[in-house]
Amino acid sequence: PEYTIIYFNARGRCEAMRMLMADQGAQWKEEVVTSDDWQKGDLKKAAVYGQLPGFKDGDFTLYQSNAMLRLLARNHDLYGKNPREASLIDMVNDGVEDLRLKYLKMIYQNYENGKDDYVKALPTNLGHFERLLASNNEGKGFVVGAHISFADYNLVDLLHNHLVLAPDCLSGFPLLCAYVKRISSRPKLEAYLSSDAHKKRPINGNGKQ
Ligand code: 0HH
């Protein structure tokens with residue numbers, strides 16, 4: 001395989017890159033880190049910011065999940081056709097990161113007491129993405145430009161997680177709803193999403209979803 005993911009047993013911060021690699025026909029291998037391995041401390045010391053995931057492209061090692069997505073985007077031409085498109089793709093991806101951080105905070109720090117308020121705020125938080133989608137080709141294609149980009153994989157992954165958290169969360173957003181179905185049914189991506197590699201891997205590391 002050309003790539004290696006070094007991560008805990010979760011979809012977490014790696015599922016968007018797994019979806020990207022599967023859809024692009026790239027090969028990767030998983031180095032799964034257990035909490036016992038992590039407690040030993042050597043991996044934490046070796047990590048640039050003391051955290052996982054780590055990622056290898058041949059002999060090149062990288063940390064920070066969004067940097068990994070961008071490396072893959074540059075390698076597989078998933079970063080727009082000019083600097084303006086690339087910047088819009090960054091804008092979408094930064095918005096995905098903002099919502100992912102809120103989601104992770106709720107999941108890991110306040111699931112029991114925080115889930116209801118989190119779900120109530122979703123129409124506001126997801127509405128931004130519905131409008132972004134509407135502004136590009138009437139929402140019929142990708143979030144930016146005429147081709148898929150790394151931001152599409154990251155957004156669709158985040159939406160998948162939200163559909164597990166709150167199955168009706170897209171009911172007021174017809175474009176997002178059709179977009180998730182359309183992207184998820186790309187043949188190679190659909191094959192990955194229906195494989196055990198995806199289905200059996202927990203969304204988060206604490207069993208909450
Ligand atoms: N900005 C970084 C990035 O995007 C954030 C990395 C991060 O938060 O790459 N890493 C966390 C794990 S991701 C980390 O290294 C979420 C948890 C997944 C499963 C958890 C299982 C835990 C078993 C020990 N956390 C460990 C640490 O900080 O020591």
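Since the model is a prediction, treat every value here as computed from it, not as a measurement. The figures that follow rest on heavy atoms only: side chains count, while hydrogens, waters and symmetry mates do not. Both counts, for ligands and for their atoms, begin at 1 and track the order of listing.
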Identify the closest protein heavy atom to atom 29 (O) of ligand 1: which residue and atom is it, and at what distance?
Lys44 NZ, 2.8 Å
Say whether Tyr7, considering both its backbone and side-chain N or O atoms, lies within less than 3.5 Å of an N or O atom on ligand 1.
no
Please say which of Arg100, Arg13, Arg11 ends up in a salt bridge (charged side-chain N to carboxylate O under 4.0 Å, His left out) with Asp157.
Arg100
Could you tell me whether a side-chain N or O of Lys29 sits under 3.5 Å from a main-chain N or O of Thr4, the two making a donor and an acceptor?
no
Between Trp38 and ligand 1, does any nitrogen or oxygen pair lie at a separation below 3.5 Å?
yes
N or O pair under 3.5 Å between Asn66 and ligand 1
no
List the closest protein heavy-atom neighbour of atom 9 (O) of ligand 1: residue, atom name, distance to the nearest 0.1 Å.
Ser65 N, 2.9 Å
Under 3.5 Å, is there a donor-acceptor pair between the Asn110 and Tyr118 side chains?
no
With the 4.5 Å side-chain cut-off for hydrophobic clustering, are Met21 and Val32 part of the same group?
no
Should you measure from each heavy atom of Pro53, which atoms of ligand 1 turn up under 4.0 Å away?
9 (O)
Gln51 to ligand 1: N or O pair under 3.5 Å?
yes
May I ask you to decide whether Lys102 forms a salt bridge with Asp117, counting only side-chain N to carboxylate O separations under 4.0 Å?
no
Min N/O separation Ser35 to ligand 1 under 3.5 Å
no
Donor-acceptor under 3.5 Å (Asn9 side chain, Pro202 main chain)
no
Establish whether Phe60 and Met68 are linked, either directly or via other cluster members, by ILVMFWY side-chain heavy-atom contacts under 4.5 Å.
yes
Part of Arg13 within contact of ligand 1 (heavy atoms, under 4.0 Å)
side chain
For atom 17 (C) of ligand 1, what is the closest protein heavy atom, and at what distance to 0.1 Å?
Tyr108 OH, 3.3 Å
Main-chain N/O of Gln209 paired with Tyr111 side-chain donor or acceptor, under 3.5 Å
yes
Polar contacts were defined as any N/O atom of the residue lying under 3.5 Å from an N/O atom of the ligand; does this apply to Leu52 and ligand 1?
yes
Which protein non-hydrogen atom lies closest to atom 3 (C) of ligand 1, naming both residue and atom, and how far is it?
Gln64 OE1, 3.2 Å
